[in-house]
Every structure is written in structure tokens, then in C-alpha cells.
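Notes for the one structure printed next.
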Amino acid sequence: LEHGISPRVESKLFQALGQPVTCPHGNPIPGDEAVPTLRGTPLDNMAEGVEVVVERISEAAERNSKLMEYLFRNGLVPGARFKVKEQASYAGTVVLSKEGQDLPLSLHVARMIWVTGART
């Protein structure tokens, strides 16, 4: 939208949205303000048994609407907490667990999800 709206409309929209610094998937929104520090590491780097918090989903994943629907439907959004149940590089998968439900992901997808260790 930045090239299709006036600076005044852009400013009003920014105010109406609560002055966000990231998109709903956790990626920085370019603008006049300093870019927030990106935190985390790709999910495929996390060990089994670790509790993680989703920080962001990469822009590469955002281009795949079916993938984004799958992640959203399964609650894999910034701020969500999961446990890394299985890290099976030999099979090319990572399995997350939350409330007794398993969420299998390919390593390709896991590389597009940035997480930090959960604080208890």
C-alpha cells in the first residue's frame, strides 16, 4: 500500500492499528522508526524436549497461503508456546507438541519458523 496511499492516510492507518512495528507474523514493518531486533533461531536448530515460543514466521513462508493456513489452523503463530517433541533429521521432520496434540513439520518448514526458548 505504501505507493498507493498518501502519507496522511498512511499515518492515520498506522495510528489506527496501534503503531505496530511487526506484521502479524512477527516480521519487521519498514518505516521511519528503528527496525526491531530480530530474535530467535530457526526451529530446526532446537533440540528435543525444549519448550519454545514462536517469534516470527519468515516472509518466505508468507508466500505460501496453504502453509500459512496450516500454521494458523494449528496455532503456530507468534507468541505461541510448543514443546519440541521430536527432532528427526534422519526423516526430515520436526514434531511439535501442545496440549497433547502433535504438529508435524518438515525441516524445510521448520527453517522458516523462528523461535526462542520459553521462559518458565
Side-chain angles (χ1 to χ4, degrees):
L1 286 175
E2 73 178 289
H3 299 293
I5 61 175
S6 72
R8 182 173 181 209
V9 171
E10 180 181 356
S11 176
K12 295 285 186 184
L13 182 59
F14 181 65
Q15 297 300 321
L17 293 173
Q19 302 177 344
V21 293
T22 64
C23 77
H25 307 122
N27 293 304
I29 296 173
D32 296 333
E33 301 299 317
V35 176
T37 302
L38 297 177
R39 299 171 17 146
T41 187
L43 177 59
D44 68 317
N45 290 334
M46 302 304 280
E48 285 184 10
V50 174
E51 297 272 339
V52 297
V53 176
V54 177
E55 293 294 329
R56 64 188 171 95
I57 299 168
S58 77
E59 291 179 355
E62 289 177 331
R63 294 183 195 107
N64 184 330
S65 63
K66 294 291 186 189
L67 172 59
M68 294 304 292
E69 288 173 21
Y70 176 78
L71 298 177
F72 181 77
R73 187 173 57 248
N74 286 285
L76 209 153
V77 296
R81 297 169 72 104
F82 289 88
K83 182 175 186 174
V84 178
K85 181 176 181 179
E86 182 178 17
Q87 181 66 271
S89 57
Y90 59 88
T93 61
V94 173
V95 178
L96 299 179
S97 178
K98 181 177 183 175
E99 300 172 0
Q101 296 292 106
D102 289 349
L103 177 60
L105 302 169
S106 70
L107 288 178
H108 174 73
V109 169
R111 286 184 194 104
M112 294 187 274
I113 300 167
W114 290 70
V115 298
T116 54
R119 295 185 182 128
T120 52

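Since the model is a prediction, treat every value here as computed from it, not as a measurement. Values below: all heavy atoms of this structure, side chains included; hydrogens, waters and symmetry mates excluded.
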Are any of the side-chain heavy atoms of [X] and [Y] separated by less than 4.5 Å?
{"X": "Phe82", "Y": "Asn74", "answer": "no"}
{"X": "Val52", "Y": "Thr116", "answer": "no"}
{"X": "Leu76", "Y": "Leu105", "answer": "yes"}
{"X": "Met46", "Y": "Val115", "answer": "yes"}
{"X": "Leu43", "Y": "Trp114", "answer": "no"}

For [Y], is there any backbone N or O sitting under 3.5 Å from a side-chain donor or acceptor partner on [X]?
{"X": "Ser97", "Y": "Gly100", "result": "no"}
{"X": "Glu48", "Y": "Gln87", "result": "yes"}
{"X": "Ser89", "Y": "Gly92", "result": "no"}

Inset, instruction - For residues 95-115, pull every pair meeting salt bridge (charged side-chain N to carboxylate O under 4.0 Å, His left out), keeping only residues two or more places apart or in separate chains. - result: Asp44-Arg111, Lys85-Asp102
Legend entry - Any pair counted as salt bridge (charged side-chain N to carboxylate O under 4.0 Å, His left out), so long as it reaches residues 64-78, sequence neighbours left out: none
Legend entry - side chain to side chain contact (heavy atoms under 4.5 Å, CB included) assessment of Val54 paired with Ile113: CA-CA 7 Å; Val54 177; Ile113 300 167; 4.2 Å; yes
Legend entry - Atom pair CE (Met112) and CZ (Arg56), whose distance is rounded to the nearest 0.5 Å: 12.5 Å
Legend entry - Between CD on residue Glu55 and OG1 on residue Thr41, distance to nearest 0.5 Å: 11.0 Å
According to a 4.5 Å side-chain heavy-atom criterion applied to Ile, Leu, Val, Met, Phe, Trp and Tyr, with indirect links allowed, do [X] and [Y] form part of one hydrophobic cluster?
{"X": "Val53", "Y": "Val94", "value": "no"}
{"X": "Val50", "Y": "Val95", "value": "no"}
{"X": "Val109", "Y": "Leu107", "value": "yes"}

Legend entry - Stepwise side chain to side chain contact (heavy atoms under 4.5 Å, CB included) test for Ile57 and Leu67: CA-CA 11 Å; Ile57 299 168; Leu67 172 59; over 6 Å; no
Legend entry - CZ/Phe72: more than 12 non-hydrogen atoms of other groups inside 6.0 Å: no
Inset, instruction - Search all heavy atoms of Ala80 against all heavy atoms of Gly75 and return the closest pair with its distance. - result: CB-O, 3.2 Å
